[in-house]
Amino acid sequence: MTTLLPAWTDDEGARRARDLLTRTFGPGEARVWSAPGRVNLIGEHTDYNAGLCLPVALPHRTVVAVRPRRDRTVRLVSAQEDGTRIVDLDDVRPGAVAGWPAYVVGVAWALVAEGLVPRERATGFDVAVDSCVPYGAGLSSSAALECAAAIALDELWGLGLAGDDAGRTRLAAVCVRAENEIAGAPTGGMDQSASLRSRRGHALLLDCRDGATRHVPFDLAAAGLELLVIDTRAPHALVDGQYAARRESCETAARELGVASLREVTDLPAALDALDDPLVRRRVRHVVTEIDRVERFVDLLDGGPPAGPRLGALGTLMAASHASLRDDYEVSAPELDLAVDTAVAAGAHGARMTGGGFGGSAIALLDAGHAGRVAAAVTDSFTAAGFAEPVFLLAPAGGPAARLG
Ligand code: ADP
Ligand code: MG
């Protein structure tokens, strides 16, 4: 039987992280924070082109229980990883921290590097992590971990940044630096903004040109709809080099066109005419049309709860986005194509791959109550194709990173 991966309640998440902290490092006071993973509704590979994207925070969150220390030591444990780790904050620099602790101590490092906390106030801590965000599924478990750490340290070190959107914007930039420079993973910034700056029941329209946001109503339950996330479990072969190659194509194209970024392309046919390389032309066509699709998607959502022709139009935009990512940007995978095709055949109003691609997850917009049936159809098609069994979850738009207790 196909099951949906449940999201924890706040109480359950807090209890799990606290228990892990106590089991690992002994009894004592602890405070708890959590931050969500995210799924992008539309606007893929647009963030590093100064474009638009439209993520929603997942109800699935990463929880950290934290206890301050007086020295410069960080002791870490995660329910998702083996063993405990110890890192001295003075040893954190690019290339120096192996594995998952880099996402946590990288945030501590970046808060100092950004000048948001003086080094002497940045004291050590014990931290226990637990999460119901799937790993490596394109749902940004990495940003959930960074942002949970960021909001915890903001309070632990008395920075007061999490209290308003301007402060949260700075925390998001800190998390991007942590991931890029200490964890050594490229990230464009959408994930951290989604995790820190979202609003429950809304999608976050993020303009990556200037970091401006707008909360777009996205209350699917009120519209009799639900969003099914299909984690394909497809292996992420070649993904690192491919991401860098796509970014480079976009930067090269922008240079050739004499614009700061592909966001500035206003006349697509003229831009395509001006580019020699057919491959680069297709990459540019994806980015420019995808940014336009985000605008049209948001216009439709602004028109009221999705229903009738507006719901059909949303589905059409999702299909066009998937086709563009598959054919022009070439970042889809057989598993993603099959998940999308099967979901649509099983009655989804729209479906598309989401996240960076080459595996990861797809989303499908469904009538409420149809998730079990569509998930079963996708599972059957995966079995028949010899693919790994996918994992499913529902994604009503969740709230941002917050203190739990
Ligand atoms: P995604 O963000 O799509 O889930 P990434 O490869 O960017 O995939 O991030 C996954 C990595 O983030 C993990 O390999 C691990 O290093 C770190 N991570 C995420 N969540 C946790 C967690 N709960 N505990 C420990 N490490 C985590
Ligand atoms: Mg990630």
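Only a predicted model underlies this, so the values are computations on that prediction, with no experimental measurement involved. Every number for a ligand or one of its atoms is a count from 1 in the order of the listing.
- Using 4.0 Å as the threshold, A185 has no heavy atom nearer than that to any atom of ligand 1.
- Among the atoms of A143, none of the N or O lies under 3.5 angstrom from an N or O of ligand 1.
- Nearest non-hydrogen protein atom to atom 9 (O) of ligand 1 is S142 CB, 3.3 Å.
- At a threshold of 4.0 Å, the pair R296-D292 counts as salt-bridged, since one of the basic side-chain nitrogens sits closer than that to a carboxylate oxygen.
- Here is the list of ligand 1 atoms found below 4.0 Å of a heavy atom in L139: 3 (O).
- At the top of the distance list for atom 8 (O) of ligand 1, counting protein heavy atoms only, stands G136 CA, 3.3 Å.
- One side chain, E290 or S321, offers a donor N or O that lies under 3.5 Å from an acceptor on the other.
- In terms of protein heavy atoms, atom 12 (O) of ligand 1 is closest to Y103 CE1, 3.6 Å.
- Checked by distance only, ligand 1 and D130 stay at 3.5 Å or farther apart across all their nitrogen or oxygen atoms.
- Looking only at distances, a side-chain donor or acceptor of R282 sits under 3.5 Å from a matching main-chain atom of D327.
- R197 and T169 form a side-chain donor-acceptor contact under 3.5 Å, judged by distance and modelled atom types alone.
- For S78, a nitrogen or oxygen atom sits less than 3.5 Å from a nitrogen or oxygen atom of ligand 1, counting backbone and side chain alike.
- Of the candidates S361, C53, S140, N40 forms a side chain to side chain contact (heavy atoms under 4.5 Å, CB included) with just one, namely C53.
- For ligand 1, the atoms lying closer than 4.0 Å to a non-hydrogen atom of A137 are 3 (O), 4 (O).
- Side chain to side chain, R61 and S34 meet the donor-acceptor criterion of an N or O pair below 3.5 Å.
- A salt bridge does not link E114 with R170: none of the charged nitrogens is closer than 4.0 Å to a carboxylate oxygen.
- The protein heavy atom nearest to atom 19 (C) of ligand 1 is S141 OG, 3.3 Å.
- Shown here is D90, whose CG atom has more than 12 heavy atoms of other residues, nucleotides or ligands within 6.0 Å.
- No N or O atom of V129 sits closer than 3.5 Å to an N or O atom of ligand 1.
- Each of the following atoms of ligand 1 lies closer than 4.0 Å to a heavy atom of S131: 23 (N).
- Here the side chain of S381 pairs a donor or acceptor atom with the backbone of V378 at under 3.5 angstrom.
- Here is the list of ligand 1 atoms found below 4.0 Å of a heavy atom in E81: 25 (C).
- For atom 6 (O) of ligand 1, the protein comes within 4.0 Å by no heavy atom at all.
- Below 4.0 Å from some heavy atom of L145 lie the following atoms of ligand 1, by number and element: 18 (N), 21 (C), 26 (N), 27 (C).
- Taking only nitrogen or oxygen atoms, main chain and side chain alike, Y135 reaches within less than 3.5 Å of ligand 1.
- For Q80, a nitrogen or oxygen atom sits less than 3.5 Å from a nitrogen or oxygen atom of ligand 1, counting backbone and side chain alike.
- Remark: ligand 1 atoms within the under-4.0 Å shell around heavy atoms of W100 are 15 (C), 16 (O), 25 (C), 26 (N).
- Using a cut-off of 4.0 Å between Lys/Arg side-chain N and Asp/Glu carboxylate O, R93 and E181 are scored as not salt-bridged.
- Protein heavy atom at the shortest distance from atom 3 (O) of ligand 1 is G138 N, 3.1 Å.
- Taking 4.0 Å as the cut-off between side-chain N and carboxylate O, E335 and R233 do not count as a salt-bridged pair.
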